[in-house]
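Chain identifiers are assigned alphabetically (A, B, ...) following the order of the sequence lines, protein sequences preceding nucleic acid strands; residue numbering begins at 1 within each chain.
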Amino acid sequence: MSGGAWLPLLVLASSLVTGLVIFALPETSQRLRSSLNLAGALIKLGLVSVMLWGVYLGQQYEARYTLMPGIDFLLRADALAMLLVTLSAALWLFTTIYAIGYLEGSPHRSRFFGFFSLCVTATMGLALAGNLFTFFLFYELLTLSTYPLVVHRGSTQALRAGKLYLGYTLSGGAVLLVGIIWLHGLAGNVEFVHGGALADLDPALHGELIIIFILLIAGLGVKAALVPLHGWLPVAMVAPAPVSALLHAVAVVKAGAFGIVRVVYEVYGIEFAADLDLLLPLAVVASITILYGSLRALTQNDLKKRLAYSTVSQVSYIVLGTSLFGPIGTIGGLVHLVHQGIMKITLFFCAGNLAETLHIHRVSEMNGVGRRMPWTMTAFTIAAFGMIGVPPMAGFISKWYLGLGALNSGMDWVLLVLVASTLLNAAYFLPILHAAWFKPQQGPWPEERARGRLETSAWLLLPPLVTAALTLAVGLFAALAISPLEWARIITLREYVR
Amino acid sequence: MTPGLLYAITGALLFCLGLYGLLLHTHLLRKVLAFNLMGSGCFLVLVGLAQRGGQVDPVPHALVLTGIVVAVSATAFALMLVRQLYVETGRATLPGEGDDP
Amino acid sequence: MEQLYLALAVFLMLNVAAGLLRILRGPTAADRMLAAQLFGTTGVAILLLLAEAQGVPALRDVALVFALLAALATVAFVKRVWYRKPEGDA
Amino acid sequence: MNWLPWLYDSLIAVTLLWVAWQVLASRDLFKAVVLFIVFGLLMALAWVRLQAPDIALAEAAIGAGLTGALLLDAVGHLRAPRRKRGTD
Amino acid sequence: MSPVLNWVAALDWIPWLLGVPLVFALLAFQFGARLAERLVVPVFGLGLLAATGLALQVLREGPQQHALGGWGAPLGIELYADGLTALMLLMTAAIGLAVVFYSRAYFRDDGRATGFWPLTGFLIGAMNALYLSADLFNLYVTLELLGLAAVGLVALSSGSAALAAALRYLLAALLGSLLYLLGVALVYGAHGTLALAQLTGLLQPGPLAWLVIALMTLGLAIKTALFPLYFWLPPAHGGAPAPVSALLSALVIKASFYLLLRLWFELFAPAINLPAAQFIGLLGAGAILWGSWLALQQRELKMLVAYSTVAQVGYLFLLFPLASFAPGAEAAWNGGVYHALSHAFAKAAMFLVAGAMVFAAGHGEISRLGGIGQQLPLGIFTFALASVSLMGLPPSGGFVAKWLLLEAALASGQWWWILVMMLGGLLSAAYLFRVLRQAFLPTPEDASFRRPPAMLVGSAFLLSLVALGLGLWANGTLTLLRVGAPFAGVTP
Amino acid sequence: MSLPDLLGTVLLAAGGFFFLAGTVGLLRFPDVYTRLHALTKVDNLGLGCVVVALMLRADSVAIVFKLGLIWALALLATATASYLVARNARHHGITPWQCPEDRP
């Protein structure tokens with residue numbers, strides 16, 4: 001292993017070791033646990049920044065270990081990987097801060113933070129994975145480490161959600177595994193390379209390759225919550241708010257979407273995938289998911305459920321961007337990977353704040369909440385506008401590029417989908433905002449927390465404000481060299497050079 | 001046809017007979033008996049077949065001697081268990097297999 | 001002479017076969033043991049005859065063991081099985 | 001008189017099978033055990049015919065004798081009125 | 001290589017592997033549990049050292065041969081060790097050592113220890129002998145001795161249920177070995193030798209060969225508890241004391257499987273045909289699905305684990321249809337053996353930790369184990385690690401095995417086994433998570449926990465780590481397995 | 001045919017006869033005691049005749065001795081066994097068979 005091998009490993013270790021140490025800590029040593037957690041998150045962020053800079057300069061980071069004959073465990077930091085790595089490193093820090101506040105005084109915190117760290121480790125691992133095998137390894141690790149988080153509360157409902165979650169994700173994992181092994185049998189050790197690795201295979205194998213593609217997408221689609229494989233996601237919102245935030249923004253759904261990106265661009269190659277006529281069906285599935293998710297979100301009264309269906313819809317923007325042939329669409333999809341994460345995590349933080357401070361769980365209970373918790377609702381509003389795609393917020397950038405990409409690739413009907421989705425987004429977010437800011441309060445909230453100096457604990461308030469600010473910033477400073485948009489552009493340039 | 005073959009066939013038949021007994025009888029002692037019959041059948045086949053040429057082959061003799069010792073140990077062990085079971089339950093049949101006088 | 005030995009052995013075998021009927025018929029355990037005892041003795045005789053007929057002297061040792069065993073089995077029977085009142089005994 | 005050995009062998013074979021059948025078919029356990037001892041003795045005779053006196057010896061001593069004694073012992077115990085534990 | 005390794009590789013380890021456990025068994029029998037407890041760790045440590053030494057030798061010099069007492073075949077006993085043997089011996093030694101540590105704590109001040117130690121020594125000795133034997137009759141004798149020792153261990157627990165389980169097990173084991181023996185008799189009658197090396201390739205297709213294959217396979221399938229002949233396994237494995245269950249479920253059934261493997265790919269190879277192999281595979285599939293289904297129905301923790309063994313045995317038998325025909329044969333062979341290995345470690349860990357959980361909770365009812373996660377965090381973690389391996393999730397030995405088997409199934413186009421394996425994996429997740437979810441439930445009101453000795457959970461934890469590690473060190477393990485393997489020449 | 005041969009043949013025939021008699025007795029006699037009686041004929045006389053016949057053909061003294069030993073052993077065994085069986089039969093209350101005419 002060269003010197004460049006240690007950095008990816010250290011990035012993984014920074015959260016893995018933290019997690020393992022936290023498991024061993026007694027429940028009562030709260031201060032130590034919190035400091036450990038934050039230290040881990042900060043170290044990771046530092047490491048990731050170093051790596052990000054290196055990758056920007058064209059440095060190679062690669063760790064390789066032969067696991068079985070012909071099968072390597074491979075970590076490699078390329079530009080695409082860094083997109084997700086940076087996102088999760090940053091959001092992990094915020095979520096950790098948030099979770100420390102959120103879980104104050106609740107039981108089983110060692111267990112929670114331990115699995116939380118493992119979950120981030122798995123996300124990092126699958127972002128850095130250099131081949132499908134390694135990707136799968138972390139993909140399953142993610143399933144396992146999120147299960148305890150989903151069932152964390154131990155209620156019947158939580159356990160049922162956990163069961164459903166496992167059923168979906170493990171089945172998806174099995175399908176994915178078959179696809180990977182099949183591909184492995186046909187093409188050997190498939191590493192992720194720009195432009196894909198399969199185009200040179202014997203044309204006689206194209207039929208099999210199509211089936212494999214379907215298997216891979218189906219397997220990944222479970223986590224990416226593509227309709228009709230999305231059933232677990234709205235149910236899994238019984239988990240504590242930080243978990244939902246993580247699940248919806250960085251970890252699980254992103255793992256699926258990211259996997260689809262990898263498969264389309266770096267296993268099959270976008271041109272080869274287009275040759276096999278695989279992109280159009282993918283775009284159709286993504287569009288259906290976008291519309292279906294938005295429609296279902298409209299009718300939800302439970303706030304977190306509405307957000308969950310919104311996730312179903314928004315994650316598919318990424319898939320949609322992936323399936324649009326041409327650099328602009330690609331940029332749209334990739335940048336949404338980041339944007340959706342930032343926006344959605346803000347929304348979930350705010351929902352958690354409402355639940356934690358005022359015990360508000362339903363949209364119908366939110367009348368006048370803006371006056372009680374103005375900061376929280378401000379953050380919520382920014383994120384919601386971003387989701388709708390109001391310029392100059394993050395979501396606008398994504399949608400702009402997606403629309404352009406659709407036109408470029410000749411799939412004009414996608415524009416209609418985008419417009420419809422935007423209208424639907426507005427339709428399910430605006431009433432919430434209206435109720436919160438303009439309707440009068442309908443009476444006291446039954447289990448309101450005593451009001452302190454701030455509207456709620458500082459631990460809970462800080463993260464959504466920061467992420468909301470980010471939502472604004474990534475839109476406003478999209479042209480800056482370090483913005484996600486620029487980064488997506490760099491990746492895209494590399495993908496289309498063959 | 002040689003005597004060896006005759007005995008081998010007898011052995012095979014004994015084996016089948018023992019198998020039948022082992023499977024159909026419920027009384028444990030009888031199962032032990034059936035097992036012993038099967039074992040003897042096996043040994044006969046081993047020596048009988050080895051002797052088809054007419055001349056004596058010492059290898060199977062050694063094997064059968066070992067086999068007999070093993071069979072007796074197994075029988076003794078089984079009988080000990082049956083007796084304990086009888087002390088515990090008053091029956092010498094396996095539960096769920098009905099009663100056999 | 002060998003043939004005669006062999007013939008007698010066959011004859012004794014037939015005896016054994018016939019004696020089996022007593023074991024089957026009983027009626028008491030003692031009768032069965034007696035029949036087994038008879039087999040022991042007949043077996044000894046057969047073995048001795050075969051030792052001569054086949055020219056395998058080792059068979060005499062087998063016969064010796066047979067004779068010993070017959071006694072042993074009977075004693076075991078009387079001591080362990082038949083030491084109390086029989087109940088119908090069939 | 002070439003048929004004499006054959007007659008003898010067949011006689012043993014048939015008797016063996018018949019005894020084995022009776023061991024399994026007889027309703028009385030004790031009878032079955034006695035028949036089994038007889039079976040062991042017959043086996044010894046069969047071994048003799050297969051020119052295996054060493055096995056015959058072992059079969060008689062161990063197969064018929066030792067096993068027979070063990071079986072008789074077991075039958076005795078199974079027939080005895082049951083005493084809970086530690087009677088031996 | 002370092003001088004120590006040179007020294008280790010230069011010694012003749014085979015007699016040690018046989019002698020040490022048997023001498024230990026005799027001493028334990030003669031002088032009682034006290035002495036045994038003192039002796040057992042060095043003895044089993046020595047066993048592990050010997051197995052490692054042999055593995056090193058095999059790795060460096062290829063298959064090893066040893067004539068016991070200087071006599072060669074056919075009358076003497078010839079021993080033989082290739083990569084597969086070495087792996088099996090290592091597995092036995094490692095699990096044996098962990099179980100020994102566990103048992104010292106588990107059987108403290110327990111009357112059953114008197115019987116446990118000698119029988120365990122005997123069991124390990126018989127198993128080592130079986131793995132090293134190279135002729136059919138030795139294999140029979142060792143198989144029988146192994147069976148007797150195993151039954152003895154099951155009968156350690158008093159009570160009618162344990163006795164009935166032991167008897168059922170005994171009868172099944174005896175039936176199995178007799179069927180095998182009849183096959184041996186037929187082979188000897190036809191070919192006049194029992195040495196596997198001389199017999200390889202001799203068996204020609206024909207009624208006799210098929211009869212031999214049917215008899216031996218049936219006999220060994222009974223001993224391995226292949227569906228639908230598993231009836232004896234759950235009561236025996238589920239009812240025995242935890243360390244015994246671990247030994248039986250992890251090791252003993254592997255012995256008969258190992259033998260079957262040897263026979264199919266060395267002795268039977270020329271006479272095997274497609275339907276036979278497919279039929280065996282079908283039974284394996286039945287085991288996976290039916291065993292998992294039954295495991296789902298169990299209420300007792302240890303019974304669930306026992307039925308899981310019934311299911312997992314099924315994967316072993318998928319090897320036969322997959323490895324009987326190129327392409328994919330080598331992957332299937334590796335995968336099957338790997339499954340045997342990783343299942344051994346995972347299942348041993350699982351049974352041991354189940355014992356600790358039962359000890360802690362005072363009962364084994366799954367639905368009342370809520371709160372076990374707080375009482376026994378490392379315990380439930382161990383259970384989870386073992387589960388990961390049994391479910392075939394990465395990065396574990398079970399995953400490597402599943403990967404290889406799936407690869408073989410895809411390479412040979414036998415997609416129906418893929419469905420079975422996928423379904424089996426999901427079902428195993430379903431029944432294992434029935435236990436794992438208890439960790440997240442609140443403690444029931446009436447529950448009372450007591451702390452088990454640290455060694456109970458500790459040794460199980462180590463085993464589960466090995467099960468996980470098998471997924472990470474697959475390369476070395478597979479290299480060792482290739483030494484003398486039937487497909488060593490075939491590259492995938 | 002030489003004299004030993006002739007004698008041997010006669011003895012063998014006699015032995016065979018006694019064996020037959022014993023077996024028939026065992027089958028036909030009415031109760032344990034009488035069957036016991038028949039059995040002893042086999043052991044004493046049947047086996048005796050055969051042993052003596054074989055002794056005549058024996059090659060060495062050792063064989064003669066061994067044959068004698070076997071017979072002695074058989075005798076001893078039957079004697080003990082018969083005694084034990086009869087005593088136990090009495091003990092168990094099996095009444096000796098009586099000729100129907102003699103019965104009171």
Find the distance between [atom1] ([X]) and [atom2] ([Y]) and round it off to the nearest 0.5 Å.
X      : Y      : atom1 : atom2 : answer
A:L159 : E:Q438 : CG    : CD    : 8.5 Å
A:K163 : E:R437 : NZ    : CZ    : 5.5 Å
A:W182 : E:I418 : CH2   : CD1   : 7.0 Å
A:R153 : E:F440 : CZ    : CZ    : 14.5 Å

Requested in this report: Classify the angle between the aromatic ring planes of E:F399 and A:F136 as parallel (below 30°), tilted (30 to 60°) or perpendicular (above 60°).
Outcome: parallel
Query raised in the report: For E:L404, is it the side chain, the backbone, both, or neither that has a heavy atom closer than 4.5 Å to a heavy atom of chain A?
Result: side chain
Report task. Please look at E:A384 and chain A and tell me whether the side chain, the backbone, both or neither of the residue comes under 4.5 angstrom of a heavy atom of that chain. Result -> neither
Side-chain heavy-atom pair [X], [Y] within 4.5 angstrom cut-off:
X      : Y      : result
E:W415 : A:V178 : no
A:M68  : E:N475 : no
E:Q374 : A:E27  : no
E:M422 : A:V175 : yes

Query raised in the report: Any donor and acceptor pair, going by atom type alone, linking the side chain of A:Y65 with main-chain N or O of E:L472 inside 3.5 Å?
Result: yes
